[in-house]
Amino acid sequence: MPRQQLNERQAVTVQRLLDAGLAQLAEVGPEALTIRQVAVRAGVSPATAYTYFSSKSHLLAELFHRAIVDQTPPVPGGGSATERVQAVTRALSDLCERNPHVAAGANVALLGSDPDVERLRLRIGGEFVTRFDAALGESSTPELVDALVLVFSGALLQAGMGLISYAELGDRLDTVVATILGGNR
């Protein structure tokens, strides 16, 4: 979320900035993206853009957060805890594969110290915790959820560094989740 409560007109402006940011990010990548370019593309002044997003990292983190929150998480149900957690990691991995520019931007942004990014980092982490906890069901413990969040976050970082592709992420995480959960929880 932007740094303030929004009225209807402001919400429209923020959405235009997010849409422009997404399009600009797809064209130029996270390194070359600037708030000024996004503002021009959205038809607003750079000062207006900075009213809502404190930095490029803030915008990139918000794009990633929105992508995750807008995704319908797998519904915890049948199957083993391992299969349910794998469904969560697969859904998140597929999201990154479909939106590699957003995932790459998040890797850059989420490592920063911008206070607005720190707030989003906590919200994104909270979303991961909620999804893993729900998938684990009765098998859930704080330690197990923490391990899964650390594994998933580390896997995103590995993909962001180019050590594995976003396309490989789901398969690799399936194996790691099965190893952590013993394959039959």
Side-chain angles (χ1 to χ4, degrees), residues 1-76 87-135 142 145-146 148-150 152-153 155-157 159-160 166 169:
M1 294 279 181
R3 297 179 285 171
Q4 57 193 20
Q5 295 296 328
L6 305 176
N7 64 36
E8 187 175 330
R9 183 183 57 78
Q10 292 168 323
V12 168
T13 300
V14 167
Q15 190 58 54
R16 285 184 20 221
L17 286 164
L18 290 168
D19 292 343
L22 195 57
Q24 191 70 22
L25 182 59
E27 281 183 22
V28 302
E31 295 83 15
L33 181 131
T34 67
I35 292 288
R36 180 173 295 284
Q37 292 169 339
V38 171
V40 167
R41 190 175 200 131
V44 302
S45 72
T48 297
Y50 279 111
T51 299
Y52 300 108
F53 298 102
S54 61
S55 65
K56 172 172 95 169
S57 291
H58 183 199
L59 175 64
L60 292 171
E62 183 62 39
L63 288 170
F64 186 64
H65 177 251
R66 295 262 176 125
I68 291 169
V69 171
D70 288 348
Q71 178 192 52
T72 303
V75 178
V88 169
T89 58
R90 182 64 68 163
L92 290 168
S93 297
D94 289 349
L95 175 72
C96 292
E97 184 179 0
R98 285 190 313 276
N99 302 285
H101 50 285
V102 174
N107 269 315
V108 171
L110 293 174
L111 295 174
S113 60
D114 178 326
D116 292 312
V117 173
E118 288 179 14
R119 181 179 48 80
L120 282 165
R121 188 170 40 235
L122 291 174
R123 293 183 75 183
I124 291 165
E127 187 65 30
F128 294 161
V129 166
T130 299
R131 290 183 187 195
F132 288 133
D133 184 57
V145 171
D146 191 40
L148 292 168
V149 170
L150 288 170
F152 186 73
S153 300
L156 286 178
L157 186 59
Y166 290 114
L169 205 54

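In this text, all values refer to a predicted model and were calculated from it rather than measured experimentally. For the numbers below, each heavy atom of this structure counts, side chains included, while hydrogens, waters and symmetry mates do not.
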_Using the rule given for side chain to side chain contact (heavy atoms under 4.5 Å, CB included), can you reason through I68 versus H65, listing the C-alpha separation, both sets of side-chain angles and the distance that settles it, and then say yes or no?_
CA-CA 5 Å; I68 291 169; H65 177 251; 5.8 Å; no
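- Evaluation of the side-chain contact (heavy atoms from CB on, under 4.5 Å) rule for Q71 yields A91, L92, L95, R98, R131 as partners, not counting sequence neighbours.
- Residues Q37 and A32 share a closest heavy-atom pair of OE1-O, 3.4 Å.
- Panel note: side chain Q24, backbone G21; no donor-acceptor pair is recorded below 3.5 Å.
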*What's the verdict on side chain to side chain contact (heavy atoms under 4.5 Å, CB included) for Q10 and N7, showing C-alpha distance, side-chain angles and the deciding distance?*
CA-CA 5 Å; Q10 292 168 323; N7 64 36; 3.3 Å; yes
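- Within the 4.5 Å cutoff, the side chain of F53 has no heavy atoms near those of the D116 side chain.
- Partners of S45 by side-chain contact (heavy atoms from CB on, under 4.5 Å), not counting sequence neighbours, listed by chain and number: A47, T48.
- Nearest heavy-atom pair, A159 versus Y166, reported as atom, atom and distance to 0.1 Å: CB-CE2, 3.5 Å.
- Between the side chains of S57 and D114, not a single donor N or O lies within less than 3.5 Å of an accepting N or O.
- In this structure, D94 CG and N99 CG are separated by 10.5 Å, a value rounded to the nearest 0.5 Å.
- With contacts defined as side-chain heavy-atom distances shorter than 4.5 Å, the pair L59/L25 does not qualify.
- For the atom pair CG (L120) and CG (L60), the distance works out to 11.0 Å, reported to the nearest 0.5 Å.
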*asked:* If you apply the rule salt bridge (charged side-chain N to carboxylate O under 4.0 Å, His left out), what do you find for E62 with R66, and how did you get there?
replied: CA-CA 6 Å; E62 183 62 39; R66 295 262 176 125; 2.7 Å; yes
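- Shown here for F64 and V102, the closest heavy-atom pair between the two residues is CA-CG1, 3.6 Å.
- Here the shortest heavy-atom pairing between A109 and V117 reads O-CG1, 3.3 Å.
- At least one side-chain heavy atom of L17 sits less than 4.5 Å from a side-chain heavy atom of T13.
- Across every non-hydrogen atom of V88 and A135, the tightest pair is CG2-CB, 3.8 Å.
- Under the salt bridge (charged side-chain N to carboxylate O under 4.0 Å, His left out) criterion, the residue pairs touching residues 15-33 are E27-R41, with sequence neighbours excluded.
- Here the CG-OG1 distance, from D70 to T72, works out to 8.5 Å after rounding to the nearest 0.5 Å.
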*Tell me, with the steps shown, if L18 and L22 meet side chain to side chain contact (heavy atoms under 4.5 Å, CB included).*
CA-CA 6 Å; L18 290 168; L22 195 57; over 6 Å; no
*Which is it for F128 and L148 under the side chain to side chain contact (heavy atoms under 4.5 Å, CB included) test, yes or no, and what are the steps along the way?*
CA-CA 9 Å; F128 294 161; L148 292 168; over 6 Å; no
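- A distance-only check finds a donor-acceptor pair linking the side chain of R121 to the backbone of L110 [under 3.5 Å].
- Counting only distance, with no hydrogens or angles, the side chain of N107 and the backbone of L156 share a donor-acceptor pair below 3.5 Å.
- Residues I124 and A61 come closest through the heavy atom pair CD1-O, 4.1 Å.
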